Amino acid sequence: MSKISVGILGATGMVGQTIVQLMEKHPWFEVTELAASDRSAGLKYGDAMVNRWNASAEMPDYAKSLRIKECKPNLDCDIVLSALDSGVAKEIEEDFAKSGYAVSSNAKNHRMDPDVPLLIPEINAEHVGLIKKQRKDRGWKGFIVTDPNCSTIHMCLALKPLFDSFGIEKVMVTTMQALSGAGYPGVPSMDIVDNVIPFISDEEEKVETEPLKIFGRLSDGAIRQARMWISAQCNRVAVRHGHTECVSVKLSKKANRDEIIDAFEGFVPTKSAALPSSPKHPVVYMKQDNRPQPKLDVNLGGGMVSVVGRLRPCSILDYKFVVLGHNLVRGAAGAAILNAELLKSAGYVR
Ligand SMILES: NC(=O)c1ccc[n+]([C@@H]2O[C@H](COP(=O)([O-])OP(=O)(O)OC[C@H]3O[C@@H](n4cnc5c(N)ncnc54)[C@H](OP(=O)(O)O)[C@@H]3O)[C@@H](O)[C@H]2O)c1
């Protein structure tokens, strides 16, 4: 099978370099283009990243000699994975979609557009059905799909088995989010060492609204949002990778603790089963009292799973638990790759 050619927009950033790393041996895709700002354009990737390569593995050989281009829609590829700063992503992604490219984005700009799929393939793969309307209404040859905010993704993966088995009415979540979630160079060290910052711009709004679209139903070319109430408090903490979230839920149907753990452990999604980056068990339940922890558990399942633990009764809602997930892998780069795989398997890219 000949591989589908892929370009990475924002290839020099924290998410972009994680995509570069994860794409090294991809069975369906081959990276042919890397692009970033005019600060990086013209340099070989290996040279541009000498002091910026932060990914956990060595830089793949294929990327070292690729010359970084500007983010203009003249790249030699069929699909672009966008890891662009949200300050510039909107227009650049639209230019690519207008010019016929399939765009799988990490940026926040188009997530809540009614005609743009906000995808977690294990939950709402059928939302790709919005693409037809998007192209028709906007007159675009290409299209945009997005992945959710990094905290949203892990919370929604943990909620999905409960949503299916018992229904969900209310969610309260407090996040402790890693430094790499703020990009590079991110939060100044003098601000975060020995500290917790109880504010991340726009984050609480994203965590409270995106799940309603993700768990919504596609009907007559539109998403009918799910009915649940979510309250979020988001904090930046001095952890390198991995967002930890303390979640309380009110279920629609009564359930005991064993039934909830069975739901977590028995969650084997079918819609995404054939996709190369899809974990067989996207939710891993840890029984130890003091887990999950970012330092110990963030790389479980190659960073593509949400790690849940500490399930116990909540005296205000029904149950509470902790979920941990890799913000750069499943929370961003791996999510955009998984969405691209979904687009291929559904016939939107060939
Ligand atoms: N970090 C996370 O955990 C995470 C999780 C989920 C979603 N996201 C989203 O993913 C995107 C990337 O995040 P990040 O953490 O990787 O940010 P980052 O480290 O700051 O990287 C930003 C990238 O955008 C490029 N860029 C900036 N200005 C540009 C311009 N005018 N034209 C073209 N390219 C430009 C940068 O290129 P230069 O190097 O050339 O400046 C760099 O490649 C953001 O939208 C972010 O909100 C991040």
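In this text the structure is predicted, and so the values were computed from the model without any measurement. Residues: numbered from 1 along the sequence shown. We count ligands from 1, going down the list as the structure has it; atoms in each ligand are counted the same way.
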What residue and atom, counting heavy atoms only, is the protein's closest point to [atom], and at what distance?
| atom | value |
| --- | --- |
| atom 24 (O) of ligand 1 | D85 N, 3.3 Å |
| atom 35 (C) of ligand 1 | S37 CB, 3.6 Å |
| atom 40 (O) of ligand 1 | S40 OG, 2.4 Å |
| atom 17 (O) of ligand 1 | G183 CA, 3.8 Å |
| atom 6 (C) of ligand 1 | G331 O, 3.4 Å |
| atom 12 (C) of ligand 1 | A83 O, 3.1 Å |
| atom 37 (O) of ligand 1 | T12 OG1, 3.2 Å |
| atom 1 (N) of ligand 1 | S180 O, 2.9 Å |

Please work out, at 4.0 Å between heavy atoms, whether the side chain, the backbone, both, or neither of [X] comes within that distance of ligand 1.
| X | value |
| --- | --- |
| N327 | both |
| R39 | side chain |
| K108 | neither |

Do any N/O atoms on [X] end up under 3.5 angstrom from N/O atoms on ligand 1?
| X | result |
| --- | --- |
| I92 | no |
| A332 | no |
| G13 | yes |

| task | Please verify whether a non-hydrogen atom of R52 lies at under 4.0 Å from ligand 1. | result |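 It does, in that a heavy atom of R52 comes within the 4.0 Å cut-off of ligand 1.
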
| Within 45° of the six-membered ring axis of W28 and under 6.0 Å from that ring's centre, is NZ or CZ of K344 located there? |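 Yes, K344 lies over the aromatic ring of W28.
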
| Please walk me through it: do H281 and E265 pass side-chain hydrogen bond (donor to acceptor under 3.5 Å, both in side chains)? | CA-CA 8 Å; H281 292 280; E265 292 184 333; over 6 Å; no

| Residue pair E245 / T174, side-chain donor-acceptor N/O under 3.5 Å |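 No pair is found: no donor N or O on one side chain lies under 3.5 Å from an acceptor on the other.
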
| query | Judged by modelled atom types alone, do S5 and E30 share a side-chain donor-acceptor pair under 3.5 Å? | reply | no

| query | Considering all protein heavy atoms, does one lie under 4.0 Å from atom 47 (O) of ligand 1? | reply | no

| message | Among V305, L157, V298, exactly one meets side chain to side chain contact (heavy atoms under 4.5 Å, CB included) together with R330. Which residue is that? | response | L157

| said: Please enumerate all residues that pass side-chain hydrogen bond (donor to acceptor under 3.5 Å, both in side chains) together with S104, with sequence neighbours excluded. | reply: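 S104: no side-chain hydrogen bond (donor to acceptor under 3.5 Å, both in side chains) contacts found.
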
| Which is closest to atom 14 (P) of ligand 1 by heavy-atom distance: I19, L328, V15? |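 Checking each option, the heavy atom nearest atom 14 (P) of ligand 1 is found in V15.
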
| message | As a check for students: among T18, N106, D38, identify the option with a heavy atom nearest to atom 7 (C) of ligand 1. | response | N106

